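This report refers to the structure that appears directly beneath it.
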Amino acid sequence: MDSSSSARRNARRVARILVAVCAAVLLAGCQSRPTFPRPAPVPVPPPAPLPQPVKFTGPIPDAVLASNRPPDPMPTPGQMPPGSYMRQIQDSGKLIAGLRSDIVLFSFIDPLTGTRDGFDVAMVRAVTRAIFGSDDPSHLDMHTVLSADRIPSLQQGRFNIVAAVMTITAARKQQVDFSELYFRAAQRVLVSADNPARGIEDMDGQRVCAAEGSTSIPQILGANPKVRIVVRDSESDCAADMQQGLVDAVSTDDAILAGLGTQAGYARVIGQPFSDEPYGLAMQQGHPEFVAFVNGVLSQMKTSGEWKANYERYLSAGLTPGQPTPEPPKSIYQ
């Protein structure tokens, strides 16, 4: 056997060994690699269906706004009638109220003091004084509530009363009871200063944001079905999105937009009103004497000048700067 043949055999032997070693390594790697079950696909929930459009046809009728007539005479503060819902509240030591925390003119939390203030807060403070005969803040327990939670929270008995820029509608009156009208607003649109739109009718294809659970969405669609609706938890979330360029506009009651505009400084309210937004204090159904009592408190505020004083303190600068204080909305009873 010559040396060349031996070299060739040695080379073939080395090659076979290398192939065997590589195969063993690959097999070992395949056997040692951990295996995991393929994850099941995560279902993507469909977008929530939008409500049917509602076209503005004029003010909400008085028949819808009518509430329980106040007692005559009203109970003496601090001496609620035995067996009444007001007496239950008095005996508990506090009125539990649900309010918004982000509506600058109506209900907001001062970042420096941590206290809540605003026009809606003034309404529940007046009810508290009428029940307890005292301005002691310990008698009023205020909690933040989102638009979408206002009705469920009352139905579940979490609050005695909700004061949260809540529009009285026939549909809502099937679910909760309302006081008499204490403020009347109208829906408009807030846009950035550089938006050329002059009203909702000019906003085809633009992203218009509104709060979940509000009456704003169906009315936006009624005014212009070609806008793109964006839903957020609150109007302040919408305003933050607009500031970041995530939406083109915010649409809700002009009273709320005035507060958002005050905060933002870079935005303006445009167009004609395209809804009627009469506000009432909301209460759980089944306590008609409490509704009548609250109406008596509101009626007294309107006639005594307290309503106007609160308007001038909280709303004048944002809603009617330089103009005379408007008259309180009329009381309408069943």
Side-chain angles (χ1 to χ4, degrees), residues 77 89 93-147 149-150 153-154 158-167 179 181-185 190 211 214 233-240 250 252-265 267 269 277 279-283 294 297-298 300-302 304-321 323 325-326 328-329:
I89 296 170
K94 58 182 63 180
L95 176 73
I96 304 174
L99 300 107
R100 297 288 296 274
S101 61
D102 57 345
I103 307 298
V104 172
L105 305 181
F106 281 80
S107 182
F108 59 93
I109 297 176
D110 189 316
L112 298 179
T113 65
T115 57
R116 193 187 299 264
D117 207 359
F119 193 74
D120 278 350
V121 179
M123 299 297 114
V124 293
R125 282 178 179 152
V127 174
T128 305
R129 284 196 306 274
I131 292 174
F132 296 97
S134 168
D135 279 318
D136 186 339
S138 67
H139 289 315
L140 177 57
D141 190 6
M142 295 183 282
H143 298 265
T144 296
V145 64
L146 296 174
S147 289
D149 294 332
R150 293 174 297 190
S153 67
L154 284 170
R158 288 162 48 198
F159 304 126
N160 304 126
I161 194 166
V162 165
V165 290
M166 194 167 178
T167 302
S179 72
L181 173 65
Y182 72 93
F183 186 84
R184 201 159 204 154
L190 183 76
S214 69
D233 284 340
S234 68
E235 293 86 359
S236 58
D237 290 337
C238 287
V250 182
T252 185
D253 309 349
D254 51 7
I256 300 174
L257 294 180
L260 295 176
T262 300
Q263 280 182 306
V269 177
E277 307 294 337
Y279 295 165
L281 305 178
M283 289 152 276
V294 170
V297 175
L298 295 176
Q300 289 176 347
M301 294 178 74
K302 293 175 182 179
S304 69
E306 186 178 354
W307 186 95
K308 281 193 171 185
N310 284 314
Y311 185 98
E312 290 165 358
R313 178 178 178 183
Y314 297 110
L315 306 182
S316 287
L319 293 178
T320 53
Q323 300 178 35
T325 303

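No experiment lies behind these values; they were computed from the predicted model shown.
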I need the Phe108 CZ to Ser236 OG distance, nearest 0.5 Å.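 So the gap between those two atoms works out to 13.5 Å.
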Spacing of CZ belonging to Arg150 relative to OG belonging to Ser214, to within rounding of 0.5 Å: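 Atom-to-atom, Arg150:CZ and Ser214:OG are 7.0 Å apart.
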Kindly indicate, with the supporting measurements, whether the criterion side chain to side chain contact (heavy atoms under 4.5 Å, CB included) is fulfilled by Ser153 and Val162. CA-CA 9 Å; Ser153 67; Val162 165; 4.2 Å; yes
For Lys94, does the NZ atom sit with more than 12 other heavy atoms under 6.0 Å from it, leaving out its own atoms? no
After noting the C-alpha distance and the side-chain angles of Ser234 and Asp102, does the key distance pass the side-chain hydrogen bond (donor to acceptor under 3.5 Å, both in side chains) rule? CA-CA 8 Å; Ser234 68; Asp102 57 345; 3.1 Å; yes
In the structure I gave you, are the side-chain heavy atoms of [X] and [Y] within less than 4.5 Å of one another anywhere?
X      : Y      : value
Pro329 : Trp307 : yes
Pro328 : Lys308 : yes
Leu257 : Thr252 : yes
Phe106 : Val165 : yes

Which atom names give the shortest non-hydrogen contact between [X] and [Y], and what distance separates them?
X      : Y      : value
Arg125 : Arg116 : NH2-O, 3.1 Å
Ser107 : Leu99  : OG-CB, 3.5 Å
Ala258 : Leu319 : CB-CD2, 3.5 Å

Quick one: side chain to side chain donor-acceptor pair (under 3.5 Å) partners of Glu312, sequence neighbours excluded? Thr325
Quick one: list whatever passes side-chain contact (heavy atoms from CB on, under 4.5 Å) with Arg313, sequence neighbours left out. Asp117
By side-chain contact (heavy atoms from CB on, under 4.5 Å), Ala240 pairs with (sequence neighbours left out) Gln244
Given Phe119 and Ile103, is the side chain to side chain contact (heavy atoms under 4.5 Å, CB included) satisfied, shown in steps? CA-CA 10 Å; Phe119 193 74; Ile103 307 298; over 6 Å; no
Do the side chain of Asp253 and the main chain of Ala255 share a donor and acceptor less than 3.5 angstrom apart? no
For the pair His139 and Leu95, evaluate side chain to side chain contact (heavy atoms under 4.5 Å, CB included) and give the outcome as yes or no after the intermediate values. CA-CA 6 Å; His139 289 315; Leu95 176 73; over 6 Å; no
Please assess Ile161 against Val294 for the test side chain to side chain contact (heavy atoms under 4.5 Å, CB included), listing each intermediate value before the final yes or no. CA-CA 10 Å; Ile161 194 166; Val294 170; 4.2 Å; yes
Please state whether the rings of Phe159 and His143 are parallel, tilted or perpendicular, taking 30° and 60° as the class boundaries. tilted
Is a salt bridge present between Asp120 and Arg100, judged by a nitrogen-to-oxygen distance below 4.0 Å? no
